[in-house]
Amino acid sequence: MNSNFKVQISNYLDKLRGLSDKRKKIVLWSVVAVMAIIMGYFWIKSAADKLNKLGESVGQIKLPQIEAPNNIEK
C-alpha cells in the first residue's frame, strides 16, 4: 500500500513536470488558494471559540450594586 502511494505521487509529479509554465502557475495558485481558505476557516473558528470563552468569563463577573439616592436636591 505504501509503495503504491509513492508510485502514484511519483506519477503525479512527472505529470506536473510535463505541464507548461502557465499551467504550473495555475496549479500552484489553486493549491495556495485552497490552503488559505482552510487556514482562514480554522483561524476564524479559533477566534470565535476564544471570544465565546471570553464572553462566558465576563458573564460570571459580579459587579457591585450601586444605589443612587431617590431624593436629589436641586
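Just so you know, these numbers come straight off a predicted model, no measurement behind them.
Applying the side-chain hydrogen bond (donor to acceptor under 3.5 Å, both in side chains) test to pairs two or more places apart or on separate chains, none has a residue in residues 31-53.
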Donor-acceptor pairs under 3.5 Å, side chain of residues 19-30 to any protein atom, not counting sequence neighbours: which ones?
residue, atom, partner, partner atom, Å
S20, OG, R23, N, 3.4
S30, OG, I26, O, 2.7

Just distance, no hydrogens or angles: give the donor-acceptor pairs under 3.5 Å from side chains in residues 9-16, sequence neighbours left out.
residue, atom, partner, partner atom, Å
N11, ND2, V7, O, 3.4
D14, OD1, R17, NH1, 2.9

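Residues V34 and F42 share a hydrophobic cluster, clusters being chains of Ile/Leu/Val/Met/Phe/Trp/Tyr side chains in contact below 4.5 Å.
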